2 protein chains.
Amino acid sequence: MSKQAAGGSHRVAPVHTDPEDVSVLTALSALADPVRIQLIRELAVSADWTRSCGSFDVPVGKAALSHHFSVLRGAGLVEQRDQGPKRVNRLRREEFDARFPGLLDLLLRSDGAD
Amino acid sequence: MSKQAAGGSHRVAPVHTDPEDVSVLTALSALADPVRIQLIRELAVSADWTRSCGSFDVPVGKAALSHHFSVLRGAGLVEQRDQGPKRVNRLRREEFDARFPGLLDLLLRSDGAD
DNA sequence: AGGACTGTAAGATGCTCATCGAACACTAAG
DNA sequence: CTTAGTGTTCGATGAGCATCTTACAGTCCT
């Protein structure tokens with residue numbers, strides 16, 4: 001049977017929030033974190049669906065990482081898909097830009113020192 | 001002696017941070033708070049130097065309010081000046097826009113329900 | 001000088017959240 | 001089936017922050 005992009009690899013399919021349903025406060029809160037900023041920046045320079053959750057160079061454990069991705073999903077910033085044992089990611093650039101124009105650009109334009 | 005706009009009414013002159021010296025993280029963190037969002041929004045529709053700190057309709061005490069303004073100053077969002085016993089405020093719209101284009105617009109365009 | 005008003009500073013409290021460790025669920029490969 | 005790899009969930013811990021109360025420091029008015 002075809003199994004790629006099937007519905008539900010791990011336990012349940014990841015819960016996503018449409019950027020249109022995200023409040024400004026939620027969006028800003030999601031972005032106001034050093035680890036999540038780094039995740040977004042790394043995602044931004046990677047092709048869609050090429051980065052698994054564990055492939056990011058962040059100074060936190062797996063549990064915290066999973067939590068951060070949950071926050072990013074809830075803010076409509078990231079989409080996830082199960083691919084075999086891995087969960088691959090995609091930055092929802094266009095959709096998020098439509099809801100919050102310029103916000104992502106702001107984050108990605110700044111130097112890494114920020 | 002002239003006393004208007006003199007240097008130091010209360011105890012010391014308020015400490016300001018230039019928006020150019022503000023990191024993205026600091027800016028986002030400052031804006032990721034319901035009370036501060038409300039302050040910014042009220043300030044945005046008020047003429048410069050017309051609003052004293054106590055003139056805002058926020059559901060917190062004086063002490064917390066003072067703290068919030070301190071955060072806003074530190075993020076380069078608000079400028080303060082002593083005017084008699086009051087400390088009047090001004091939104092640093094142009095300067096902040098130059099550092100973070102579109103960020104303030106985003107906050108001010110959204111509905112109050114956000 | 002005295003009193004009303006405005007904002008700041010200091011200390012205490014409570015809550016939210018970021019983090020970790022360990023256990024669990026699912027997939028893929030041997 | 002067993003093992004290795006990946007990510008989630010749960011419970012606990014700790015830090016940071018928003019808030020309050022109280023005390024203080026100015027300014028203005030009488």
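What you see is a predicted model; the values in this text were computed from it and never measured. Chain identifiers are assigned alphabetically (A, B, ...) following the order of the sequence lines, protein sequences preceding nucleic acid strands; residue numbering begins at 1 within each chain.
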_Show, in sequence, the C-alpha distance, side-chain angles and deciding distance for B:Arg90 and B:Arg81, and conclude whether the side chain to side chain contact (heavy atoms under 4.5 Å, CB included) test is met._
CA-CA 9 Å; B:Arg90 166 193 162 251; B:Arg81 170 192 301 177; over 6 Å; no

*Round to the nearest Å and state the distance from A:His67 atom NE2 to C:dC20 atom P.*
12 Å

*Whole angstrom is fine here: how far is it from NE2 in A:His68 over to C1' in D:dT8?*
15 Å

*How close or far is atom P of D:dT27 from atom CZ of B:Arg81, stated in whole angstroms?*
16 Å

*What do you reckon, is CD of A:Glu20 surrounded by more than 12 foreign heavy atoms closer than 6.0 Å?*
yes

*For A:Arg36 and C:dA18, is the shortest distance between a side-chain N/O and OP1 or OP2 below 4.0 Å?*
yes

*May I have the distance from B:Asp33 (atom CG) to C:dC17 (atom C1'), rounded to whole angstrom?*
14 Å

_Can you measure B:Gln80 atom CD to C:dT6 atom P for me and round it to whole angstrom units?_
16 Å

*Starting at atom NZ of A:Lys86, determine the distance to atom C1' of C:dT27, rounded to an integer number of angstrom.*
12 Å

*Pull out every residue in residues 52-65 of chain B that has a heavy atom closer than 4.0 Å to any atom of DNA chain C, ordered by number, or say none.*
B:Ser52, B:Cys53, B:Gly54, B:Lys62, B:Ala63

*Would you please name every residue forming a salt bridge (charged side-chain N to carboxylate O under 4.0 Å, His left out) with A:Asp97, sequence neighbours left out?*
none

*Rounded to whole angstrom units, what separation is found between the CG atom of A:Asn89 and the P atom of D:dT6?*
14 Å

*Quick one: is C:dT8 close enough that its OP1 or OP2 comes under 4.0 Å of any side-chain N or O from B:Arg87?*
yes

*Test side chain to side chain contact (heavy atoms under 4.5 Å, CB included) on A:Ile40 and A:Leu108 and set out the steps.*
CA-CA 8 Å; A:Ile40 298 271; A:Leu108 301 176; 4.2 Å; yes

*Could you check A:Arg92 against A:Asp48 for salt bridge (Lys or Arg N to Asp or Glu O under 4.0 Å), going step by step and ending with a plain yes or no?*
CA-CA 9 Å; A:Arg92 307 180 71 168; A:Asp48 289 358; over 6 Å; no

*asked:* Would you say that B:Arg109 contacts A:Phe100 through its side chain, given a criterion of any heavy-atom pair below 4.5 Å between the two side chains?
replied: no

*What is the distance from CZ of A:Phe69 to P of D:dT8, rounded to the nearest Å?*
8 Å

